[in-house]
Amino acid sequence: MKPPSFAYRDPATLEDALALLAANADARPLAGGQSLMPMLNFRLVHPPMIVDLNRISALAGIVIGADGVNIGAMTRQRDAERHAGLARDWALLMEALRHVGHIQTRSRGTVGGSLAHNDPAAELPAVMLALDAVMIVRSAVGTRKIAATDFFVSLLTTALKAGELLVSIHLPHPPRHAGFGFAEIARRHGDFALAAAAVVVSRGGNHARVVATGMGEGPRRILEAEAALVEGKFSDAAITAAAAAVSTAVEPVDDLHAPAWYRKKIAGVMAARACRDAITRMAGQTNE
Amino acid sequence: MNDERRTIRVTINGQVFERAVAPNLLLSDFIRHEAELTGTHVGCEHGVCGACTILYESQPARSCLMLAVQADGARLETIESLAKGDALHPLQTAFWEKHGLQCGYCTPGILMTMKAFLAETPNPSEAEIRVALSGNLCRCTGYQQIVEAVRHAAALLSAARVAP
Ligand code: FES
Ligand code: FES
């Protein structure tokens, strides 16, 4: 199938892109195109104008500073996956990226594009919740900073308003000696998750993030599971309690890929695996 | 509704193609219908099968998920770039010798993906090969022979690198 016809603009600066979006309320920004292009090819969307962001070099790049890392929204997933500077504190992001589609889709697909699309089975939104990310959003009238917990609203819906663009993502440093885990089950490698879990823990920081995704409206922090880990001092019993809390909290529905009962069950299994990996990695970082 | 056209210049396999195109022309269709390089196949046209994979600035990408206008000024490689005259590329030799194809529909996309993969991972494990192949569907072979062929190609390529 072929895309419908549209007017095409490919501005070289963010300011020009924001001005185009402000003047054309129904225009769609085009990032890496790994979600929007299939939607166009299927004619699920008929935007009168496409504002292509791919020529705006200022929107891509990874800058690590004292307070964390800023990832430009147009950074290709493949570039983030290979960025050695992320390995120490944000290895969770690198690990999750390997589950995002395939080499061919990651070399075009962008970090920000996946977040702004917010597919309920996508990995990156879950990672953003687990890492306490802050989304930096610009429009022709100003800048907003939106915490990940407020950004991902529901199925394919974010807090972005018409005329706004996600321009970068800020990830703070995780607490000292943090460990992370990511576990996913999909029908084939690279497919969207049937269920997945992203976990960050730090004993010293009394810190736990447990995010389940692939079900219902999309990624969610499971606060009961986080509390179970911290209160149970990251013991085996705490992991079992956290996994049970995840299974109870998620709300999958039956679909052609798997029945709801199965997803509920494996959501707990994925959470347990991710918790175990996170706690093992944390324990390996006790010196210093 | 929009009859605007843009003149673009795209370098494919070292040759420049300059054409005036509509913005909604897919890059896959530009390659097949404008440049008349029909070795790049189109299976699904929504980013699932991988048949349309090309190298875009040396990176494997699905050409059905790009607009031709986005490739203005870019450098592309397609399956036609592999053989030099009658001399097959080691990847092609390996797929021939190990029966890595039957109907051949998926093959161009697989070879272009593997060209980039083996350049980055010259000695891949079987698990790495299977992950690297996960974005390409093959309806014929059951993949077993494709994995064998990629392993063989890796050996041929490293032999070619150490040869004087
Ligand atoms: S034709 Fe492009 S992925 Fe199938
Ligand atoms: S050889 Fe027929 S689709 Fe792969």
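Just so it is clear, the values below take in all heavy atoms, side chains as well, and ignore hydrogens, waters and symmetry mates. The sequence lines fix the lettering, A, B, ..., with proteins before strands; numbering per chain opens at 1. None of the values given here were measured: they were computed from a predicted structure.
Using a 4.5 Å cut-off between heavy atoms, B:Arg6 touches chain A through its side chain atoms alone. Contact annotation for A:Arg55: only side-chain heavy atoms (C-beta onward) come within less than 4.5 Å of a heavy atom of chain B. Only the side chain of A:Leu30 has a heavy atom closer than 4.5 Å to any heavy atom of chain B.
Heavy-atom pairs under 4.5 Å with chain B were tallied for A:Pro4, A:Pro38, A:Gly32; the largest tally goes to A:Pro38. Options A:Asp191, A:Asp52, A:Asn54 differ in how many heavy-atom pairs under 4.5 Å they form with chain B, and the most are formed by A:Asp52. Chain A forms more heavy-atom pairs under 4.5 Å with one residue of B:Gln59, B:Arg130, B:Arg62 than with any other, namely B:Arg62.
The distance from the CE atom of B:Met114 to the CD1 atom of A:Ile103 is 6.0 Å, given to the nearest 0.5 Å. A:Leu93 CG to A:Leu124 CG: the interatomic distance, rounded to the nearest 0.5 Å, is 6.5 Å. Atoms CG and CG, from A:Leu166 and A:Asn118 in turn, are 11.0 Å apart once rounded to the nearest 0.5 Å. Atoms CG and OG1, on B:Leu111 and B:Thr53 in that order, are 10.5 Å from each other to the nearest 0.5 Å. For the atom pair CG (A:Leu40) and NE2 (B:His46), the distance works out to 14.0 Å, reported to the nearest 0.5 Å. Atom CG of B:Leu37 is separated from atom CD of B:Glu77 by 12.5 Å, given to the nearest 0.5 angstrom.
Side chains of A:Asp16 and A:Thr13: a donor on one and an acceptor on the other come within 3.5 Å. A side-chain donor-acceptor contact under 3.5 Å links B:Thr78 and B:Asn13. Checked by atom type, the side-chain pair A:Gln104/B:Thr113 shows a donor-acceptor distance below 3.5 Å.
Scanning all heavy atoms of the two residues, the minimum distance from A:Ala130 to A:Ala198 falls at CB-CB, 4.1 Å. Here the closest heavy-atom approach between residue B:Asn123 and residue B:Glu128 is recorded as O-OE1, 4.3 Å.
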Between B:Glu126 and B:Val147, is the side chain to side chain contact (heavy atoms under 4.5 Å, CB included) condition met? List the steps.
CA-CA 7 Å; B:Glu126 174 172 344; B:Val147 173; 3.9 Å; yes

Could you walk me through whether A:Val63 and A:Val69 satisfy the side chain to side chain contact (heavy atoms under 4.5 Å, CB included) test, starting with their C-alpha distance in whole Å, then the side-chain angles of each, then the deciding distance to 0.1 Å, before giving a yes or no?
CA-CA 6 Å; A:Val63 181; A:Val69 60; 6.0 Å; no

Between B:Glu148 and B:His152, does a side chain to side chain contact (heavy atoms under 4.5 Å, CB included) hold up when you go through it step by step?
CA-CA 6 Å; B:Glu148 268 310 299; B:His152 186 43; 6.0 Å; no

Would A:Asn70 and A:Ile62 count as a side chain to side chain contact (heavy atoms under 4.5 Å, CB included) here? Give the steps.
CA-CA 6 Å; A:Asn70 282 305; A:Ile62 295 176; over 6 Å; no

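Along residues 25-35 of chain B, the residues that come nearer than 4.5 angstrom to chain A, judged on non-hydrogen atoms, are B:Leu26, B:Asp29 in order of number. By a heavy-atom distance cut of under 4.5 Å, A:Arg78, A:Arg82 are the residues of residues 76-84 of chain A near chain B, going up by number. Interface residues of residues 132-141 of chain B toward chain A, defined by a heavy-atom distance below 4.5 Å and sorted by number: B:Ala132, B:Ser134, B:Gly135, B:Asn136, B:Leu137. Interface with chain A: from residues 66-75 of chain B, residues B:Met66, B:Leu67, B:Val69, B:Gln70, B:Asp72 qualify, criterion being any non-hydrogen pair under 4.5 Å.
Residue A:Arg43 qualifies as enclosed at atom CZ: its count of foreign heavy atoms under 6.0 Å is above 12.
Under the 4.0 Å criterion applied to side-chain N and carboxylate O atoms, B:Glu57 and A:Arg108 are not assigned as salt-bridge partners. In this structure, B:Glu4 pairs ionically with A:Arg9, as a charged nitrogen and a carboxylate oxygen lie closer than 4.0 Å.
Taking the six-membered ring for Trp and the full ring otherwise, A:His46 and A:Phe6 have centroids separated by 6.0 Å or more.
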